[in-house]
Amino acid sequence: ERVHKFSAIQTEQSKRLGYFMDWDNSYFTMSDENNYWIWHFLKVCFEKGWIYKGRDSVPWCPRCETAISQHEMLTEDYKELTHETVFVKLPITTKGWENTHLLVWTTTPWTVPANVAVGINTKYDYGIWEDRVTKEKYIFLHYGEERKPPTRVRQKDNAVLSLEAWIMDETKKNLQNVGTIAIRELLNLKYKAPFDELERVRKSKQENPYTFHSVIDASEVVSDVEGTGLLHVAPGAGQEDFKLGLKEHLSVISVIADNADYLD
């Protein structure tokens, strides 16, 4: 009854807008004819071998444990929230890079156990920084006189800082720049992550050992406006990362159950 009521209203409004349609033979998704044709279409696809089982990243409702549409998300009210972000140092395991770490940044700390790669932007320059005390080295964005970062307004102790000022403020006491790293060399690096001992992570490594815990080209999503220029990538925890994972042949580690409980 609801469908017929509002479709009639929509039809009249469409006519007023000048739409020309076969209004007397409209189809409805609730009709048996529509549903049987969908099943028939799927059957033909199956018979031709076009259907396969795979993964996807979709909006999800933990209440009824089913997928929801983007339309349902876009029509809901949005709230602007402030979240804690984290910086994580990942020890490089590639020979010749002992005692050196990738310094990654993420806005979603809960996804760190699902990390499978680190993304960089191949258009940027990356520096090697050494701790004056511990002699540990770190790789993250490098800023020189020839390239200044865009201003990123950030509150720190009630002071507004640009990203460059913030990095310098955080590092000037202990870190010194000791060089840069070529993009080609950076893309070949492998590293160790904080939760490699977990069974789910070990299985994921076996799935795609070549790309697991490697530095990849993620130029389309890595920005120099915030963070370190090295992005934590977790294909099992977001659509953007998932698409990147398909492109780069990355493993997928799920972190939440259908009811949104955090997995053991």
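Please read these numbers as outputs of a predicted model, since none were measured by experiment. Basis for what follows: all heavy atoms, side chains included, without hydrogens, waters or symmetry-related copies.
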Task: side-chain contact (heavy atoms from CB on, under 4.5 Å) partners for Arg202, two or more places apart - done: Glu199

Open item on the list: Tell me which pairs pass side chain to side chain donor-acceptor pair (under 3.5 Å) where either residue lies in residues 92-103, with sequence neighbours left out.
Closed with: none

Open item on the list: If the condition is side-chain contact (heavy atoms from CB on, under 4.5 Å), which residues does Asn208 pass it with, not counting sequence neighbours?
Closed with: Thr211, Ser251

Task: Contacts of Lys205 that satisfy salt bridge (Lys or Arg N to Asp or Glu O under 4.0 Å) - sequence neighbours left out - done: none

- [ ] State, to 0.1 Å, how close Pro194 and Leu90 come at their nearest heavy-atom pair, and which atoms those are.
- [x] CD-CD2, 3.8 Å

Please set out all donor-acceptor pairs under 3.5 angstrom arising from side-chain atoms of residues 40-53, sequence neighbours excluded.
none

Task: Check: Asp241 side chain, Gly238 main-chain N or O, donor-acceptor pair, under 3.5 Å - done: no

TODO: State which residues pass side-chain contact (heavy atoms from CB on, under 4.5 Å) with Thr106; sequence neighbours excluded, sorted by chain then number.
DONE: Val86, Thr108, Thr111, Val112, His232

Task: Backbone of Ile128 reached by a side-chain donor or acceptor of Asn177 within 3.5 Å - done: yes

TODO: With sequence neighbours excluded, tell me which residues meet salt bridge (Lys or Arg N to Asp or Glu O under 4.0 Å) with Lys15.
DONE: Glu12

TODO: Indicate the ring-plane relationship of Phe28 and His4, choosing parallel, tilted or perpendicular according to the 30° and 60° boundaries.
DONE: perpendicular

TODO: Using a 4.5 Å cut-off on heavy atoms from C-beta on, say whether the side chain of Leu102 contacts that of Phe140.
DONE: no

- [ ] For Glu136, check salt bridge (Lys or Arg N to Asp or Glu O under 4.0 Å) against everything at least two apart and list the hits.
- [x] Lys89

Open item on the list: So, using side-chain contact (heavy atoms from CB on, under 4.5 Å) as the criterion, who are the partners of Leu187 when residues are at least two apart?
Closed with: Ile120, Thr122, Ile183, Val215, Asp217

Do any side-chain atoms of residues 56-66 form donor-acceptor pairs under 3.5 angstrom with protein atoms, and if so which ones, sequence neighbours left out?
from: Ser57; atom 1: OG; to: Gln239; atom 2: N; distance (Å): 3.2
from: Trp60; atom 1: NE1; to: Asp258; atom 2: O; distance (Å): 2.9

Open item on the list: Please enumerate all residues that pass ring pair (Phe, Tyr, Trp, His ring centres under 6.0 Å) together with His213, with sequence neighbours excluded.
Closed with: Tyr191

Open item on the list: Give me each pair satisfying side chain to side chain donor-acceptor pair (under 3.5 Å) with a member in residues 22-34, each pair once, sequence neighbours excluded.
Closed with: Asp22-Asn25

Task: N/O donor-acceptor pair under 3.5 Å between Ser7 side chain and Val3 backbone - done: yes

